[in-house]
**Student:** 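So that we are looking at the same thing, I have put the structure below in structure tokens.
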Amino acid sequence: MTLSSNHHIPGAIIEESVSSALDVADDPCEIVEEAIPAMVIGDLSEDDIHAIDRHCATCSSCADAKSTWEIGLAEPVLPPDYGPPEPARALGLHAGHYGIMESPVGDLLIVVTDDGVADISYLASRGREERFAELEERGILATERSALVEPVREQLREYFARHRSHFTLPVDLYGVTPFTRSVLNATIQVPFGQVMTYQNIADRIGKPKATRAVGNALGRNPVPVIVPCHRVVRADGSMGLYTGGAHIKQVLLEIEGVRFPVKGADQPGLPGLN
Amino acid sequence: MPLSPPGERNTGQTKHTSISFTTLVELYGPDLYRFAWSITGTSHDAEDVYQETLLKAFRAWQKLPADANHKAWLFRIASNTWISDRRKQGRVHQFGDDHPDLPSREPDTATQVLAQDTLDHVTNAISTLPPKQRTALVLRKYHGMSYEDIGEVLRCSGEAARANVYEALRKLRSQFATALID
């Protein structure tokens with residue numbers, strides 16, 4: 001136990017080992033008063049704090065000094081109705097609120113904004129931090145407000161339980177590029193239980209040669225399930241790739257009663273089951 | 001149910017391997033605002049410092065090494081922002097009042113007057129400390145930061161950070177002594 005060398009200087013502040021100093025002190029008040037500031041900022045050991053408390057219990061002037069320091073260094077209290085501004089607003093970004101849900105295809109991260117559902121992510125295939133970083137690139141900063149995503153959870157639960165065939169939730173494609181947006185807007189028209197090919201979507205947006213770009217755009221779909229990119233399949237009737245993994249695409253299509261390979265997927269019009 | 005912060009859960013330390021800005025704000029935003037409030041002393045200035053810090057941090061975030069001490073880094077931006085704002089305001093304040101944001105108080109008992117006088121005295125005492133000492137004291141007392149971390153905020157050694165805190169306490173001691181005698 002070392003004792004700060006400055007404890008003999010009048011007006012100095014002791015930083016440690018008060019209890020041992022008190023044992024040999026001629027004037028304990030001097031030691032205690034010099035140690036109180038260090039105690040108030042949390043630099044003293046439990047032993048030292050108890051030694052000071054024991055002394056203050058019988059010495060009113062030291063007790064007064066202690067309360068002066070405690071009051072003096074008390075953290076200023078924020079006005080009750082005052083808090084930090086919403087971070088997204090402070091940054092000029094689009095504000096989102098997120099929550100998590102368990103589902104038959106793994107945990108989902110759900111982000112909503114004032115305008116609609118902005119994001120649904122399969123957390124098993126992409127980490128939460130990676131997903132948040134992608135949202136930041138879209139200009140969306142989300143804070144945890146689980147209650148606000150409940151309407152989305154409810155409709156998704158009904159869908160997975162095969163009690164819902166279409167969603168009535170608005171979708172917010174904020175920060176999504178115009179091409180991807182046009183692909184997603186065409187995809188949202190594909191009805192429950194039916195499929196289209198990448199070529200069909202390319203035709204629908206008036207870019208018949210952009211099949212590969214359509215596939216890439218669907219891979220960037222920020223709102224899977226609600227924007228049903230799982231209903232877009234290959235021209236040979238095989239399933240094709242899927243954000244989150246092909247096994248999830250299969251589960252979703254099974255929920256909707258689609259069997260593979262889809263017969264007639266390469267025919268014009270709306271192929272698939274009927 | 002809020003998610004537990006991934007970096008902290010995995011390492012048990014203040015340093016993270018890789019987190020998004022969203023998570024950074026979630027982890028440290030409220031503390032950052034409290035810090036801004038306690039160093040500036042007014043809600044208006046606190047909001048300015050908080051907002052400016054977030055903007056600067058957002059722009060620099062991608063360049064920050066993954067193993068950086070994120071909290072100390074954020075607080076350092078806030079502290080630097082406040083000090084530079086203060087310098088600018090120093091010129092402006094010659095033309096305006098010092099604390100336009102402080103609420104007016106109408107204490108109705110002698111006790112309240114006495115308590116308020118002591119508090120005012122103390123608040124003034126802290127606000128007269130040089131910025132580095134004030135920041136160091138606030139971080140130690142209100143945020144329970146280690147001297148090592150305070151050193152990261154102030155860009156100095158842990159020992160120098162500690163010296164700043166104790167210098168601040170020595171200055172306050174003489175102010176408090178005056179308050180007690182008065």
Side-chain angles (χ1 to χ4, degrees), chain A residues 4 6 9 11-15 33-34 36-38 40-43 61 64-65 67-69 71-79 81-93 96 98-100 109 111 123 127-137 140-146, chain B residues 1-3 6-7 16-26 29-30 32-34 36-38 41 43 46-47 50-55 57-59 61-62 103 115 118-119 121-123 125-126 137-138 140-144 147 162 165-166 168-170 172-177 179-180:
Chain A
S4 174
N6 64 13
I9 305 166
I13 291 170
I14 291 180
E15 301 176 24
E33 287 192 24
E34 289 175 359
I36 285 170
V40 172
I41 61 161
D43 275 8
S61 91
D64 283 352
S67 71
T68 299
W69 276 98
I71 293 167
L73 289 184
E75 184 168 1
V77 181
L78 278 166
D81 55 346
Y82 209 83
E86 177 105 352
R89 190 168 64 81
L91 289 163
L93 298 176
Y98 77 83
I100 309 287
L109 172 75
V111 181
L123 286 176
R128 177 181 104 110
E129 297 307 307
E130 193 188 336
R131 201 58 205 162
F132 281 147
E134 285 170 15
L135 280 161
E136 287 157 22
E137 278 171 31
I140 298 172
L141 193 76
T143 47
E144 202 273 337
R145 290 281 293 280
S146 197
Chain B
M1 181 181 68
L3 293 170
H16 307 264
T17 46
S18 176
I19 60 170
S20 63
F21 193 78
T22 302
T23 298
L24 179 87
V25 171
E26 191 165 59
L32 176 68
Y33 187 74
R34 255 179 65 220
W37 164 256
S38 48
S43 54
E47 196 165 320
Y50 174 81
Q51 194 152 335
E52 238 181 289
T53 302
L54 285 187
L55 276 170
F58 190 59
R59 287 190 203 118
W61 177 238
Q62 297 300 337
T118 311
L119 277 178
H121 201 96
V122 162
T123 308
I126 292 177
L137 182 62
V138 160
R140 179 67 198 148
K141 171 64 180 152
Y142 304 152
H143 294 268
Y147 288 115
R162 186 186 178 90
V165 169
Y166 278 85
L169 292 176
R170 281 183 196 102
L172 289 180
R173 179 196 194 93
S174 60
Q175 307 238 13
F176 288 1
L180 282 174

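So you know, we letter chains A, B, ... as the sequences are listed, proteins then strands, and number each from 1.
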**Student:** Can you name the residues that form a ring pair (Phe, Tyr, Trp, His ring centres under 6.0 Å) with B/Y142, not counting sequence neighbours?
**Tutor:** none

**Student:** May I ask you to check whether A/E75 and B/S38 show a side-chain donor-acceptor distance below 3.5 Å?
**Tutor:** no

**Student:** By side chain to side chain donor-acceptor pair (under 3.5 Å), which residues pair with B/T53, not counting sequence neighbours?
**Tutor:** none

**Student:** Side chain, backbone, both or neither: which part of A/L135 has a heavy atom under 4.5 Å from chain B?
**Tutor:** neither

**Student:** Side chain, backbone, both or neither: which part of B/L32 has a heavy atom under 4.5 Å from chain A?
**Tutor:** neither

**Student:** Given that the side chain runs from C-beta out, which part of B/Y50 has a heavy atom under 4.5 Å from chain A: side chain, backbone, both or neither?
**Tutor:** side chain

**Student:** I need the minimum non-hydrogen distance between B/R140 and A/G42, along with the two atoms involved.
**Tutor:** NH2-O, 3.0 Å

**Student:** Side chain from CB out, backbone as N, CA, C, O: work out which of these in B/V165 comes under 4.5 Å of a heavy atom of chain A, or both, or neither.
**Tutor:** side chain

